[in-house]
Every structure is written in structure tokens, then in C-alpha cells.
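Hydrogens, waters and symmetry mates play no part in the numbers below; they use all other heavy atoms, side chains included. Because the structure is predicted, anything quoted here is derived from the model rather than measured. A, B, ... follow the sequence lines: proteins, then strands. Residue 1 opens every chain.
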2 protein chains.
Amino acid sequence: MSNIRIDVKSRTPIFEQLCAGIREQILAGAMAPGEPLPSVRALACELAINPNTIQKAYAELERQKLISSAPGRGSFVSDDIRPAMGAFEERILADLRAAVHRARLCSIGKEKLTELIDKEWEGTKP
Amino acid sequence: MSNIRIDVKSRTPIFEQLCAGIREQILAGAMAPGEPLPSVRALACELAINPNTIQKAYAELERQKLISSAPGRGSFVSDDIRPAMGAFEERILADLRAAVHRARLCSIGKEKLTELIDKEWEGTKP
DNA sequence: ACATCTGTACTAACACAAATAATACAGATG
DNA sequence: CATCTGTATTATTTGTGTTAGTACAGATGT
């Protein structure tokens with residue numbers, strides 16, 4: 001922590017960018033289960049963002065079972081992030097569904113889709 | 001026209017829902033090039049939505065080269081929708097990119113992705 | 001020519017969510 | 001006990017989506 005990039009001019013809310021960034025670091029293994037997250041105030045100061053916004057992101061991540069917080073102690077990566085992983089997979093499936101649906105509108109074949117995935121997969125592998 | 005479903009309680013803006021719905025009908029071939037769209041006021045009345053919101057959607061669709069409008073004449077599906085198709089394909093590619101990126105976070109393999117696409121493709125084919 | 005349709009432009013008002021700001025409280029810790 | 005932590009609360013500002021009302025110019029059919 002914390003190589004998180006926040007774009008205050010983006011149309012996507014800051015607290016969502018925070019959620020996505022932290023979630024990515026956790027799922028990618030950059031943060032181990034049980035590891036402490038920066039305090040609400042510290043991260044707010046570091047990113048020059050209001051503490052309330054940080055807390056909003058933390059609250060959402062806790063709702064997703066990705067982190068757990070306790071007054072006086074701090075916030076920590078959940079010991080078991082598998083439930084959150086499952087929910088995340090569901091979202092990926094939904095994204096693919098949307099992509100397939102849109103591809104049909106463009107008369108893009110299934111082969112083209114898998115080819116694109118293959119190309120993108122290999123192109124970002126190393 | 002116009003089997004468009006608008007959910008006023010959705011978090012996605014009404015004008016975006018309109019754009020998506022009309023774009024889908026055009027790309028799917030449900031509306032032929034040159035075919036007239038309902039007038040701003042008529043569609044507003046039919047959907048019980050403010051005319052300004054309809055116009056906002058039409059303006060966006062015109063920006064995307066999907067339709068063309070002229071004062072006094074009306075709005076029509078563009079004669080050549082290929083440029084819009086190209087832009088749409090770009091968006092699909094971006095969606096796939098995001099899906100691949102997220103899949104990596106979940107340790108989902110490329111084979112699993114292509115399998116999901118295949119299943120979704122066949123499941124919505126008829 | 002006239003009435004009526006069309007898209008377009010503009011202002012004002014309202015609703016809602018995001019974000020900021022400033023406190024305050026309770027639990028944990030050294 | 002001082003100081004950190006998360007959490008809750010209220011007020012304010014800001015931006016965007018939406019509605020409402022009005023107006024203007026071009027096209028069309030009678």
C-alpha cells in the first residue's frame with residue numbers, strides 16, 4: 001500500500017475507484033489476508049481525500065466480506081476472501097454475458113470473440 | 001417502434017437507457033437505414049418522459065452517427081451505420097479486456113473464459 | 001398563405017448522489 | 001492517560017439528471 005490511482009475528475013465516484021483499487025490489490029495477492037489497511041484518516045491524508053469518502057469505501061468493502069474493521073483496532077484484509085471471490089466471478093460472468101449480447105448486434109461471431117480473448121490473454125500474460 | 005423499456009427507478013440515466021435501446025434496435029436490424037424515428041414529442045408522450053430527455057438521447061445517437069436529424073423533417077436512421085458499428089466493436093473489445101483483467105485477479109483461466117463465452121453463446125443462439 | 005408538424009435552443013426549478021467539512025463518541029493500545 | 005482506531009451525525013456544496021415552460025426556424029400538407 002498504496003499504489004492507488006484516484007482520478008477526481010472521473011465520472012466514476014471516488015469511493016468506487018477506491019473499492020476497485022483495493023479489491024484488485026487484495027484479489028491479486030498484493031495484500032495478504034489479515035494484513036492491516038491504512039487507517040481511514042491516514043489514507044485520506046495520503047490521497048488528499050475526505051475521510052468520509054475513505055470510510056464509505058471501507059464500509060462497502062466490508063459489506064463485500066473483503067475486509068473487516070473494528071473500532072479502535074483498524075481495518076484488515078479478511079482471513080477468508082473466498083466468498084468475495086465468488087461474488088466477483090459472478091460479475092465477470094455478467095460482463096461476458098453483456099459482451100456476447102453486444103457482439104450479436106454487431107454480427108461478431110463466437111470465434112472472433114474467443115480469438116480476441118486469446119489475443120488479449122497472451123498479450124498481458126508476462 | 002417502440003418496444004423500449006424504460007426503468008425510471010434505475011441508477012442508469014433515462015437518456016442512456018434510450019440510447020442503448022434504440023442503438024440495439026438499429027444494430028439488430030429492427031430499424032432499417034433511412035427509416036424515420038418517432039418525433040421527440042411523440043416519443044416523449046408515449047413513454048411519459050420529458051421531451052428534453054428524448055432529445056438528449058437523440059443528440060447523443062446523432063453524435064455517434066447512428067441517426068441524423070433535421071429541423072422540420074425529423075430524425076432518421078443513418079444511411080450508413082458502419083462507422084457506428086466500428087465504434088461499437090471497439091467498446092466490446094474494451095469490455096473483453098476488462099473481463100480478462102478481472103479474470104486474472106480471480107485466477108480464472110483462459111479456457112474457463114472461452115468456455116463461458118461458448119456456453120453463453122449457444123444458450124442464446126435460437 | 002396558413003396551420004401544424006418537425007428539431008433545436010434556452011432558462012429556471014427540483015431531486016438526488018457524491019463529496020467536503022466539522023464534530024463527537026466509544027473501543028483499543030502503549 | 002494520551003492517542004490512535006472505526007463509526008456516527010449534521011450541514012453544506014457541487015454536479016448531473018430530469019422536468020417544465022417557452023421560443024424560434026425549417027419543412028410539409030391543406
Side-chain angles (χ1 to χ4, degrees), chain A residues 1-2 4-23 26 31 34-79, chain B residues 1-2 4-23 26 31 34-79:
Chain A
M1 275 294 232
S2 281
I4 302 187
R5 291 268 169 258
I6 297 299
D7 179 14
V8 295
K9 320 192 66 173
S10 170
R11 73 170 55 189
T12 63
I14 296 177
F15 82 95
E16 282 192 19
Q17 298 181 45
L18 280 170
C19 283
I22 298 174
R23 183 191 310 120
I26 294 178
M31 302 194 64
E35 183 174 341
L37 280 79
S39 77
V40 171
R41 293 171 178 83
L43 187 56
C45 183
E46 177 183 343
L47 299 179
I49 290 175
N50 192 284
N52 291 341
T53 305
I54 307 290
Q55 160 155 12
K56 191 171 183 179
Y58 277 17
E60 174 63 19
L61 290 173
E62 190 170 17
R63 198 192 62 81
Q64 297 175 0
K65 310 283 187 186
L66 266 169
I67 72 175
S68 63
S69 303
R73 301 205 359 87
S75 302
F76 308 86
V77 178
S78 295
D79 295 325
Chain B
M1 276 292 239
S2 280
I4 303 186
R5 292 268 166 258
I6 297 298
D7 179 14
V8 295
K9 320 193 66 175
S10 170
R11 73 171 55 190
T12 63
I14 296 179
F15 83 94
E16 282 192 19
Q17 297 182 44
L18 280 170
C19 283
I22 298 174
R23 183 191 310 121
I26 294 178
M31 302 194 63
E35 183 174 340
L37 280 79
S39 77
V40 171
R41 293 171 179 83
L43 188 56
C45 184
E46 177 184 343
L47 299 180
I49 289 174
N50 193 284
N52 291 339
T53 305
I54 306 291
Q55 161 156 10
K56 192 171 182 179
Y58 277 18
E60 174 61 19
L61 289 173
E62 190 171 16
R63 198 191 62 81
Q64 297 175 0
K65 309 284 186 187
L66 267 169
I67 71 176
S68 63
S69 304
R73 303 207 356 92
S75 302
F76 308 86
V77 179
S78 294
D79 294 326

Rounded distance (Å) that lies between atom [atom2] of [N] and atom [atom1] of [X]:
X        : N       : atom1 : atom2 : answer
Lys9(A)  : dT16(D) : NZ    : P     : 11 Å
Leu37(B) : dT8(C)  : CG    : C1'   : 16 Å
Glu60(A) : dA17(C) : CD    : P     : 15 Å
Ile54(A) : dT7(D)  : CD1   : P     : 13 Å
Asn50(B) : dT18(D) : CG    : C1'   : 7 Å
Arg41(B) : dA27(D) : CZ    : C1'   : 13 Å
Leu43(A) : dA19(C) : CG    : P     : 14 Å
Phe76(A) : dT5(D)  : CZ    : P     : 11 Å

Practice item. Spell out yes or no: do the side chain of Arg73(A) and the base of dG6(D) have one donor N/O and one acceptor N/O closer than 3.5 Å? Key: no

Review point. Which one of Pro51(A), Ser69(A), Cys45(A) satisfies the side chain to side chain contact (heavy atoms under 4.5 Å, CB included) criterion with Val40(A)?
Key: Pro51(A)

Review point. Axis-to-axis angle across the helix from dA1(C)-dT30(D) to dG30(C)-dC1(D), five pairs an end, to 10 degrees?
Key: 10°

Kindly give the heavy-atom pair with the smallest separation between [X] and [Y], and that separation in Å.
X        : Y        : value
Ser78(B) : Ser68(B) : OG-N, 4.0 Å
Leu61(A) : Cys19(A) : CD2-O, 3.8 Å
Ser75(B) : Tyr58(B) : OG-CD2, 3.6 Å

Of the nucleotides [options], which one has an atom closest to the side chain of [X]?
X        : options                  : value
Ser69(B) : dA24(C), dG7(C), dT19(D) : dG7(C)
Ile14(B) : dT6(C), dG21(D), dT18(D) : dT18(D)
Ser75(B) : dG7(C), dT20(C), dT29(C) : dG7(C)
Pro13(B) : dG17(D), dA19(C), dG6(D) : dG17(D)
Pro71(A) : dG27(C), dA18(C), dG7(C) : dG27(C)
Thr53(A) : dG7(C), dT20(C), dC10(C) : dT20(C)
Asn52(B) : dA9(C), dT20(C), dG7(C)  : dA9(C)

Would you say [X] and [Y] make side-chain contact, with heavy atoms under 4.5 Å?
X        : Y        : value
Ile14(A) : Leu47(A) : no
Ile26(B) : Ile67(B) : yes
Gln64(B) : Glu60(B) : yes

Under 4.0 Å between any heavy atoms, over every strand shown, what does [X] touch: base, sugar-phosphate, or nothing? Just pick one.
X        : value
Glu16(A) : nothing
Arg11(A) : nothing
Gln17(A) : nothing

Study note, to complete from the structure: Of Phe15(A) and Ala70(B), the one whose nearest nucleotide on DNA chain C sits closer to the 5' end is Ala70(B)

Review point. Want to settle it: does Thr12(B) or Gln55(A) sit nearer the 5' end of DNA chain D, counting the closest nucleotide to each?
Key: Gln55(A)

Practice item. Could you go through the side-chain contact (heavy atoms from CB on, under 4.5 Å) check for Thr53(B) and Lys56(B) one step at a time? Key: CA-CA 5 Å; Thr53(B) 305; Lys56(B) 192 171 182 179; 5.5 Å; no

Review point. Just to confirm, is there a sub-4.0 Å distance from OP1 or OP2 of dT18(D) to any side-chain nitrogen or oxygen of Lys56(B)?
Key: no

